[in-house]
Number of protein chains: 2
Amino acid sequence: MNILIDNKNGEPIYNQIYSQIKNQIISGELKENEMLPSIRGLAKDLRISFITTKRAYEELEKEGFIYTLPAKGCYVAPKNVELLREENLKKIENHIEEISKLAVACNLNKNDIIEMVMFCMEDQK
Amino acid sequence: MNILIDNKNGEPIYNQIYSQIKNQIISGELKENEMLPSIRGLAKDLRISFITTKRAYEELEKEGFIYTLPAKGCYVAPKNVELLREENLKKIENHIEEISKLAVACNLNKNDIIEMVMFCMEDQK
DNA sequence: TAACTGTATATAATATAAATATACAGTTGG
DNA sequence: CCAACTGTATATTTATATTATATACAGTTA
């Protein structure tokens, strides 16, 4: 497990831990059901309070990336692709909702928006 | 000029003032180049510090809704439609950018997104 | 039972946001 | 000119939210 903390960049420590672990899970570097370092062990390594590592793990659990067995440890959750997908779809819909409002405000119609999407997403197939 | 402050709803006072004036400008209730109440006069009416009204006016000026002549007063800005439009376009592009990232994450392609846009904006022409 | 897991609650330190007072400087009309 | 009005700039207070922490607790395991 490879976590680097940068105290200077202003990003909260718990968040640095959260996103680095998250990325390792998404990239597959951490496998499903693999045990994560204990919150205390990791905290000791990083020389921070274990409350901070706990907070990072809490976020990860809330987002569904890990699961916890009290008194045993924390593990990488099996990828719930469908869940992740639905969350993303919801986010996308919210963005479209916002775009919709903005479009009305500056008199753009559906086609204008679609053209913008085509243009902005040019690099994607 | 009609401004109502609700101390209970948690929204900052300066923001309540900001959005009420903004709405009156957008709706046309306040005409171009019309003089706004002085920050001190309004503050007195509302029984708050004029620093708070000043802050609201500052926001309005930053957004381009009003302009200020120091020692004279604050006035409703001529509607810069083009400016507003460009700001909105930028916001829309940012949303599309976000959508683009999400789309990659859940394996949606450009066409999927366009279909979603079509669907979500159904009610607009 | 010692040494490890995670949990829960309370607390301290810091940063940010919100509202303010006070002193300042330009404009205007009598 | 000057009194009474405009907006400006700086420093300060207050409240709230965020970040990080210590300490005491409870379950698991070899």
Side-chain angles (χ1 to χ4, degrees), chain A residues 1 3-22 25 30 32-78, chain B residues 1 3-22 25 30 32-78:
Chain A
M1 169 66 85
I3 306 274
L4 291 176
I5 300 302
D6 176 3
N7 282 310
K8 287 164 198 156
N9 76 356
E11 204 193 345
I13 297 171
Y14 76 88
N15 206 50
Q16 295 184 42
I17 298 169
Y18 164 80
S19 44
Q20 288 180 45
I21 294 181
K22 178 177 160 184
I25 292 175
L30 290 167
E32 295 187 11
N33 297 311
E34 183 174 339
M35 190 176 183
L36 293 166
S38 77
I39 57 175
R40 288 160 193 274
L42 180 58
K44 202 171 176 188
D45 282 356
L46 301 177
R47 302 202 190 135
I48 56 175
S49 163
F50 72 87
I51 310 283
T52 305
T53 50
K54 166 132 176 73
R55 178 155 180 193
Y57 279 33
E58 273 172 349
E59 294 292 320
L60 287 164
E61 184 157 33
K62 206 165 62 188
E63 301 287 324
F65 289 105
I66 69 175
Y67 62 94
T68 300
L69 301 182
K72 301 198 75 176
C74 299
Y75 305 85
V76 177
Chain B
M1 169 69 85
I3 307 273
L4 291 175
I5 301 301
D6 177 2
N7 282 310
K8 286 163 198 156
N9 75 356
E11 203 194 347
I13 298 171
Y14 76 88
N15 206 50
Q16 296 185 41
I17 298 169
Y18 165 80
S19 44
Q20 288 180 43
I21 294 181
K22 177 177 160 183
I25 292 175
L30 289 169
E32 294 187 10
N33 298 312
E34 184 175 338
M35 191 175 182
L36 293 165
S38 77
I39 58 176
R40 286 159 194 274
L42 180 59
K44 202 172 176 187
D45 282 356
L46 301 175
R47 300 201 194 138
I48 57 176
S49 163
F50 73 86
I51 310 284
T52 306
T53 51
K54 165 129 178 73
R55 178 157 180 191
Y57 279 33
E58 272 171 349
E59 295 292 321
L60 288 165
E61 183 157 32
K62 205 164 61 187
E63 301 287 325
F65 290 106
I66 69 175
Y67 62 95
T68 300
L69 301 183
K72 301 198 74 173
C74 299
Y75 304 84
V76 177

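Below, all heavy atoms of this structure are taken into account, side chains as well, without hydrogens, waters or symmetry copies. First the proteins, then the strands, lettered A, B, ... as listed; each starts at 1.
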Engineer: Over how many whole Å does the gap from Q16(B) atom CD to dA19(C) atom P extend?
Structural biologist: 8 Å
Engineer: Rounding to an integer number of Å, can you tell me how far K54(B) NZ sits from dT10(D) C1'?
Structural biologist: 12 Å
Engineer: For R55(B) and for F50(B), find the nucleotide of DNA chain C with the closest heavy atom, then tell me which residue's nucleotide is more 5'.
Structural biologist: R55(B)
Engineer: Respond yes when some side-chain nitrogen or oxygen of S49(B) is under 4.0 Å from OP1 or OP2 of dA19(C), and no when none is.
Structural biologist: no
Engineer: If you assign A71(A) and L69(B) each to the DNA chain D nucleotide with the nearest heavy atom, which residue ends up on the more 5' nucleotide?
Structural biologist: L69(B)
Engineer: Classify the nucleic acid contact of Y57(B) as base, sugar-phosphate or nothing, counting any heavy atom under 4.0 Å across all strands shown.
Structural biologist: nothing
Engineer: Would you call E58(B) and K54(B) a salt bridge, taking side-chain N to carboxylate O under 4.0 Å as the test?
Structural biologist: yes
Engineer: Taking only side-chain nitrogens and oxygens of R40(A), does any of them come within less than 4.0 Å of OP1 or OP2 of dC4(C)?
Structural biologist: no
Engineer: State, yes or no, whether a side-chain contact exists between T53(A) and I13(A) at a heavy-atom distance under 4.5 Å.
Structural biologist: no
Engineer: Could you tell me how far apart I17(B) (CD1) and dA18(C) (P) are, to the nearest whole angstrom?
Structural biologist: 13 Å
Engineer: Please report the distance, rounded to the nearest Å, between NZ in K44(B) and C1' in dA19(C).
Structural biologist: 20 Å
Engineer: Working to the nearest 0.5 angstrom, can you tell me the gap between L36(B) CG and L60(B) CG?
Structural biologist: 7.5 Å
Engineer: Distance check needed: dT29(D) P versus M35(A) CE, whole Å only.
Structural biologist: 10 Å
Engineer: Does a side-chain N or O of T52(B) approach OP1 or OP2 of dT20(C) to a distance below 4.0 Å, or not?
Structural biologist: yes
Engineer: Please report, rounded to the nearest Å, how far the C1' atom of dC25(D) is from the CD1 atom of I39(A).
Structural biologist: 13 Å
Engineer: Strictly distance-based, threshold 3.5 Å: is any side-chain N or O of Q16(A) a donor or acceptor partner for the main-chain N or O of D6(A)?
Structural biologist: yes
Engineer: Does a nitrogen or oxygen in the side chain of K72(B) sit under 4.0 Å from OP1 or OP2 of dG26(C)?
Structural biologist: no
Engineer: For I51(A) and dA13(C), what is the distance between atoms CD1 and P respectively, to the nearest whole Å?
Structural biologist: 16 Å
Engineer: For side-chain contact (heavy atoms from CB on, under 4.5 Å), just list the numbers for N33(B) and Y67(B), CA-CA rounded to whole Å, side-chain angles, deciding distance to a tenth of an Å, and then say yes or no.
Structural biologist: CA-CA 9 Å; N33(B) 298 312; Y67(B) 62 95; 2.8 Å; yes
Engineer: Separation of E59(B) atom CD from dA17(C) atom P, in whole Å?
Structural biologist: 12 Å
Engineer: So, OP1 or OP2 of dG7(D): does either fall under 4.0 Å of a side-chain N or O from T68(B)?
Structural biologist: no
